[in-house]
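Comments concern the structure below.
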Amino acid sequence: MAAKNGAIKLVAGNSNPQLAAAIAAHLGTPLAQAVVRRFADMEIFVEIQENVRGSDVFILQSTSFPTNDHLMELLIITDALRRSSARRITAVIPYFGYARQDRKPGPRTPISAKLVANLITTAGADRVMTLDLHAGQIQGFFDIPTDNLYASPMMVRDIKERFDVGTVTIVSPDVGGVARARGLAKRINAPLAIVDKRRERAGESEVMNVIGEVQGRICILVDDIVDSGGTLVNAAEALIGQGANDVHAYITHGVLSGGAVARITGSKLKELVITDSIQPSESARGARNIRVLSVASLIGEAIGRTAAEESVSSLFD
Ligand code: R5P
């Protein structure tokens, strides 16, 4: 594919080779020849093995587990491209790690999401493209253009294909996610419920209050991240306890740390739908109640439009 002002090049880090290959296939542009490898002491070494001078380059790299290694790969690839006279470098980061550290939770604590934004900019990125940022305001941590893509239109399509939307209630698994869940509920014209986790007294266990009517409903939990799975599994319990017929979940980023897959497999969740913003592990792919939707065409389309200097936001109209 050609950009408006020259060739487009795709360079993949090691975080998600399957998604990178699928994006390349969508664009009909092969991944650029590059090696990202380790020295004996695990330092990262990058060599771009084809000419990128004057090119519009898109680096495909989620800063997922192992986060620090993948972040460092992204920074070093960016540096290599900058020193190779790429015309424009876009860091395409489907999953933006450290996003949950977007404010000071207490005195003498860092704002790591801002630090990561500074590192990416300093390394030489001209633009950033990401997906379902934990908090939209993180775009403001960058002083370079940042496109935050949304998985919700894909999820809405999938929900409409699989459910009678008249029976569905969209649920936010915590108070922090209400805006995101409300947005999706609006798109399918479904009611909204909220799971409110509260510790009434210190030392007592948390009480899950469900705000909204879920009795006899198909509940669909919506969130940006599933990490340990605790939030989802507890919310599913609370909803079933309040008389929900079935509980499903649509979550953009399947971080799925530690025993998350086993926790979800053994839970009351009928199905968890994640995207491939983070490369799903074999156990996630094989789990009885986990399904993966690919964001390859969404990201490929956004890359194509960026290269052609066309609107990206109109993808979500
Ligand atoms: C938190 O604000 C996020 O939106 C998710 O709800 C959270 O990261 C999920 O974590 P876990 O799966 O470990 O409960």
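Quick caveat: nothing in here was measured; it's all calculated off a predicted structure. Index from 1, following the sequence. Heavy atoms only: backbone and side chains are in, while hydrogens, waters and symmetry mates are out. Whatever order the structure lists them in is the order used to number ligands and atoms, beginning at 1.
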Atom 1 (C) of ligand 1: the protein heavy-atom neighbour that sits closest, reported with distance to 0.1 Å
H134 CE1, 3.7 Å
Lys/Arg-Asp/Glu bridge criterion (N-O < 4.0 Å) met for E301, R305:
yes
Students should be able to answer this: which protein heavy-atom is nearest to atom 13 (O) of ligand 1, and at what distance?
S228 OG, 2.6 Å
With a cut-off of 4.0 Å, which atoms of ligand 1 are near a heavy atom of D174?
6 (O)
Polar side chain donor-acceptor pair, Q18 to D276, under 3.5 angstrom:
no
Indicate yes or no: at least one non-hydrogen side-chain atom of L232 is less than 4.5 angstrom from one of D223.
no
Considering only protein heavy atoms, which is closest to atom 8 (O) of ligand 1, and at what distance to one decimal place?
R100 NH1, 3.1 Å
In the protein, which heavy atom is nearest to atom 7 (C) of ligand 1, and how far is it?
I225 O, 3.9 Å
Distance under 4.0 Å to a non-hydrogen atom of G229: what atoms of ligand 1 satisfy this?
11 (P), 12 (O), 13 (O)
Of the side chain and backbone of L232, name the one, both, or neither that has a heavy atom under 4.0 Å from an atom of ligand 1.
neither
Please work out whether any backbone atom (N, CA, C, O) or any side-chain heavy atom from C-beta onward of D223 is under 4.0 Å from ligand 1, and answer side chain, backbone, both or neither.
side chain
To which protein heavy atom is atom 4 (O) of ligand 1 closest, and what is the distance rounded to 0.1 Å?
D224 OD1, 2.6 Å
For N68 and Y98, test the side chains for any donor-to-acceptor distance below 3.5 angstrom and give the result as yes or no.
yes
Could you find the nearest protein heavy atom to atom 14 (O) of ligand 1 and give me its residue, atom name and distance?
T231 OG1, 2.4 Å
Any N or O of D227 closer than 3.5 Å to N or O of ligand 1:
yes
To the nearest 0.5 Å, tell me how far S277 OG sits from L19 CG.
8.0 Å
Would you call the rings of F163 and H248 parallel, tilted or perpendicular if under 30° counts as parallel and over 60° as perpendicular?
perpendicular
Could you tell me if the side chain of T169 sits less than 4.5 Å from the side chain of E213, heavy atoms only?
no
Pairwise side-chain contact, I220 with L184, heavy-atom cut-off 4.5 Å (strictly under):
no
